[in-house]
Amino acid sequence: MTQPNPGSRPLQEADPECYQIGVDEFRRESEGLELIASENHTSRAVREAMSTYLTNKYAEGYPGARYYGGCEVVDRAEDLARKRILQIFAAQHANVQPHSGAQANQAVYQALLQHGDPVLAMDLNHGGHLTHGHPKNFSGIFFKFTGYGVNPETGLIDYDVVRAKARELRPRMIVAGASAYPRAIDFAIFGEIAREVGALFFVDMAHPAGLVAAKLHPDPVPHADAVTFTTHKTMRGPRGGTILCREEHKKKIDSALFPGVQGGPLMHVILAKAVSFGEALGPSFITYQTQVKKNAQRLAASLLALGFRLVSGGTDNHLVLIDCRSKSITGRDAELALHKAGLTVNKNLIPGDPEKPMVTSGIRVGTPAVTTRGLKENEIDQIARWIDAAIAVRADDTKLAKIRAEVGDFCRMYPIP
Ligand SMILES: Cc1ncc(COP(=O)(O)O)c(C=O)c1O
């Protein structure tokens, strides 16, 4: 009789400690409300794809040109992911191998810039990302970044200031895209500025990619030399990144990613990307993204009615940025109070923030995950009331626990996928 392979035991039996961690995370996500703007709840199909045998396979290289044998099956996964994403976005080329958004960005810089080149990108303190020139990030170490910000009064990107800075600096590249900007970005103007000063134009649409896919946010693809995005935020796929680019940059970008930045691609994750891109091609994706945006707008309106100040006064996308000074609390303390009440958010710097990044004056609140659970405008009003109530009773753990119990009861009606 053949012996069962000892590696065939289910996780629960093989390693109860690790199994329990998985169960506990499921419980944490189920019993609270996920309001971190960069997170989402993946479908069961996406998670199943990630636990397939494709995790076993080395596939350095690209489909049809691998450094390993036996890639005929995983090639199908990568070809399918590329085909589907190019049906969603009208780019000339796609690379679906980046392990993350940061690595996608690294490959773009490495492909298109020389060390020391001047780059103009959004300031981190105004909503930009670490990979847009933070001094401790590879981007800030290897390239000379200058920041542009938002108008302190309006909270909006001032395109005239961007143009003036670009004329003065003559950057090799202009970067658009942000982690905490609640408004639509006008990529056409950015593209025009880049052309005027002879710069390359790169867009990091990590945050709004799902909205762009659903045509609810301006599309950067026609205007940019390269576009990156993360697959796990509004796109609702597995954790990872993707690069889109013009034909002329294809060779350089592919080889900057592999062998430049990464080794073997995560083929199980690429299969899961293909699954999520397939979901994004279905009609329910547009309904979902429409609701994400409606929910964010409703959240903004409800919070304003409750006396919160919002950076830019509202939102055009999936997130709102709350200026917590309007409730005399720091971002750090607001995050903690909301956590105790079962609402997960992150503290965030706001434009002109006098506080340090570990304290901040703001919190960023997003609707992608709660919309996946089926919440609509009326439930969003309730979330706004809980945010307000939790901040009001921040010093009273008993009252915070009471809100948490209400949130828990509510969550049972909206199971995660
Ligand atoms: C604008 C932007 N770019 C890049 C990234 C990096 O993505 P990852 O965490 O997958 O490296 C993020 C993540 O939050 C982001 O907001």
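In each ligand, atom 1 is the first atom listed, and ligand 1 is the first ligand listed.
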Salt bridge check: are R373 and E379 linked by an N-O gap of less than 4.0 Å? no
I need the atoms of ligand 1 closer than 4.0 Å to a non-hydrogen atom of T230, numbered in the order shown. 7 (O), 10 (O)
Element-labelled atoms of ligand 1 that are located less than 4.0 Å from some non-hydrogen atom of H207: 16 (O)
Between F143 and F145, how do the two ring planes meet: parallel, tilted or perpendicular, split at 30° and 60°? perpendicular
Considering distance alone, does some N or O of Q103 sit under 3.5 Å from an N or O of ligand 1? no
Indicate yes or no: does an N/O atom of A206 lie under 3.5 Å from an N/O atom of ligand 1? no
Quick test: of every protein heavy atom, which one is nearest to atom 9 (O) of ligand 1, and how far off is it to 0.1 Å? H232 NE2, 4.6 Å
Check whether the ring centres of Y159 and F190 lie less than 6.0 Å apart, and answer yes or no. yes
Do F142 and Y109 have their ring centres less than 6.0 Å from each other? no
Using a 3.5 Å cut-off on N or O atoms only, is K233 in polar contact with ligand 1? yes
Less than 4.0 angstrom from a charged side-chain N to a carboxylate O is my criterion; do R167 and E196 meet it? yes
With ring centroids as reference points, do H132 and Y148 lie under 6.0 angstrom apart? no
Protein heavy atom at shortest distance from atom 3 (N) of ligand 1: D204 OD2, 2.5 Å
Pair D79 + R82, salt bridge at N-O below 4.0 Å: yes
Can you tell which of H99, H129, H132 gets a heavy atom nearest to atom 12 (C) of ligand 1? H129
At what distance is the nearest protein heavy atom to atom 16 (O) of ligand 1, and which residue and atom is it? S179 OG, 2.7 Å
Considering only non-hydrogen protein atoms, determine which one is nearest to atom 11 (O) of ligand 1 and report residue, atom name and distance to 0.1 Å. A102 N, 2.9 Å
H41-E34 side chain donor-acceptor pair, cut-off 3.5 Å: no
Check whether the side chains of R364 and S38 place a donor and an acceptor atom closer than 3.5 Å, and report yes or no. yes
Examine ligand 1 and decide if any of its atoms is less than 4.0 Å from a heavy atom belonging to A178. yes
Side chain or backbone, does T131 bring an N or O within less than 3.5 Å of an N or O on ligand 1? no
May I ask you to identify the nearest protein heavy atom to atom 8 (P) of ligand 1, giving residue, atom name and distance to one decimal place in Å? G101 N, 3.5 Å
